[in-house]
Enquirer: 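Please read through the structure below; I'll follow up with questions.
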There are 2 protein chains.
Amino acid sequence: MFSFSEENYLKAIFHLERKYQAGVSTNALAEEMETKASSVTDMIKKLSEKELVIYKKYQGVKLSELGDKTAIQVIRKHRLWEYFLVEKLNFNWDEVHDIAEQLEHIKSEKLTQELDKFLGFPKRDPHGDPIPDAEGNFSVANKMLLSELGKAEKGICVGVKDSSSEFLRFLDKNNISLGKEIKVLEKEAFDGSMLILIEERELRISQLISNNLYIKIQ
Amino acid sequence: MFSFSEENYLKAIFHLERKYQAGVSTNALAEEMETKASSVTDMIKKLSEKELVIYKKYQGVKLSELGDKTAIQVIRKHRLWEYFLVEKLNFNWDEVHDIAEQLEHIKSEKLTQELDKFLGFPKRDPHGDPIPDAEGNFSVANKMLLSELGKAEKGICVGVKDSSSEFLRFLDKNNISLGKEIKVLEKEAFDGSMLILIEERELRISQLISNNLYIKIQ
DNA sequence: ACCTATTTTTAGACTTATCTAAATTTATTT
DNA sequence: AAATAAATTTAGATAAGTCTAAAAATAGGT
Ligand SMILES: [Mn+2]
Ligand SMILES: [Mn+2]
Ligand SMILES: [Mn+2]
Ligand SMILES: [Mn+2]
């Protein structure tokens, strides 16, 4: 089917399309893939020949229907494996991403379906991201960033924007995890920091933190 | 660490060493890997530079201690994943090999250990082959081929030599599976076929079959 | 010991995915 | 509108893993 590299590019384009609906630029892709712009151009040409992306020179890329479908299947596998690692193999949520980066490329439709069934058809991965079903459908939750909340408002923690080990371990250390309620007690206009209430604890967090925590308001 | 291709070569050399203790020939490896002898020579040189094999031109290869250890770890992962697929994801024993060929290359020590623990530290894979433990130790069962049994002798089916889908499905169709007792009722000298008794059923099997079924005598 | 067949290695080429450096196109500023 | 800056593509190179065809080494048979 497709190579690891091709699948990784499709996934990257998929994610970047949310931010750049008009088309994903070569440089944006290069940064996301941690590679050089010239390498991106080469790969885009190949993806274009395989009809996975729509590409016109100097105009950026978009996923074709096939590219979109393929990207979603890779993301489905990535998130199912992350769920498996956390729920069945006792991994912490900060340890699973790199292993899922490998597992997402295993080619077997049946494996994916059986894994999904074995896990009980989970709807969200350990970081709160939706897991597409076999048909590629997934619900986009109406979440917002904690930083968007005003004083005295509250919400339930439902996901992370930054899912780096560093950030996740910071959250662990401060006992912040998905499902918990957070109330904004104070908001400092000067630096954007806020004082929050979580499980009867008061905690001061910087804007960098509140900018990377998704919450849902009731 | 090592590439998929390097790991596959190490595994192939490991298996062939059981048959050719004096050293594995280039041609034997080429056949096992379904590739050309010239490609094998190229790869052997690379493995030799990485000190994974002992190689002298025209003399065949042997695994070094490091190569042996590495091969066993790949085999450990292969067999653990096969066990997982059969025991947890409802795969049949004839469907797991190709997927395990992919999964065996996933790099994560912790994943392997946790998977092993999750599965309850199984000792044998679905085809009766031993699963090496974390240190690379595994027990070589004192099994023999069914074809070596004489008339009126019996044994318990403990493994398959040929683990192709075709053979395994043949066994399924005839209700032959690991753990069952087989007694030789008759042995035909002319073509090596035998009449066996398995679960009160009488069955005539060709020598090709009895040559690929391992049994253990009590 | 020599000739021949077989095995193994070497030489040179190809593909995939990447890179650097240079050329080209597009965007921005004066 | 021209000049400059930034983004993008092209040209040419490299490494991994494979191939075909040719050369070299080994093994067998007389
Ligand atoms: Mn992830
Ligand atoms: Mn990946
Ligand atoms: Mn197998
Ligand atoms: Mn393999």
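Labels below follow one simple rule: chain letters A, B, ... track the order of the sequence lines, proteins then strands, and each chain is numbered from 1.
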Enquirer: What is the distance, to the nearest angstrom, from the CG atom on A/N27 to the P atom on C/dA27?
Expert: 13 Å
Enquirer: For B/K45, report the nucleic acid contact type (base, sugar-phosphate, nothing); a contact means any heavy atom under 4.0 Å.
Expert: sugar-phosphate
Enquirer: Using the closest heavy atom to pick a nucleotide of DNA chain C for each, name whichever of A/M43 or A/K57 lands nearer the 5' end.
Expert: A/M43
Enquirer: Indicate, yes or no, whether a donor-acceptor pair under 3.5 Å links the base of D/dT20 to the side chain of B/S38.
Expert: yes
Enquirer: Rounded to whole Å, how long is the line connecting atom CD of B/Q59 with atom C1' of D/dA27?
Expert: 12 Å
Enquirer: Is there a side-chain contact between B/L85 and B/E95, using heavy atoms and a 4.5 Å cut-off?
Expert: no
Enquirer: Looking at every strand, decide which applies to A/Y9 at a 4.0 Å heavy-atom threshold: base, sugar-phosphate, or nothing.
Expert: sugar-phosphate
Enquirer: Taking NZ, NE, NH1 and NH2 as the nitrogens, is one of them in B/E104 or B/K11 under 4.0 Å from a carboxylate oxygen of the other?
Expert: yes
Enquirer: Over how many whole Å does the gap from B/E31 atom CD to C/dT8 atom C1' extend?
Expert: 16 Å
Enquirer: Whether A/R18 engages the ring of A/F14 as a cation-pi pair (distance to the six-membered ring centre under 6.0 angstrom, angle to the ring normal within 45°) should be assessed.
Expert: yes
Enquirer: Using whole Å, report how far CD1 of A/I44 lies from C1' of D/dT8.
Expert: 10 Å
Enquirer: Expressed as a whole number of angstroms, how long is the span from A/D42:CG to D/dA13:P?
Expert: 15 Å
Enquirer: I need the CG-P distance between A/L47 and D/dT9, as an integer number of Å.
Expert: 13 Å
Enquirer: Measure from CZ on B/F4 to P on D/dA16 and round the result to the nearest Å.
Expert: 17 Å
Enquirer: Does a side-chain N or O of A/S39 approach OP1 or OP2 of C/dT18 to a distance below 4.0 Å, or not?
Expert: no
Enquirer: Please report the distance, rounded to the nearest Å, between NZ in A/K36 and C1' in C/dA21.
Expert: 12 Å
Enquirer: Evaluate the criterion salt bridge (charged side-chain N to carboxylate O under 4.0 Å, His left out) for residue pair A/K50 and A/E6; output intermediate values, then yes/no.
Expert: CA-CA 10 Å; A/K50 294 194 177 184; A/E6 287 167 342; 2.7 Å; yes
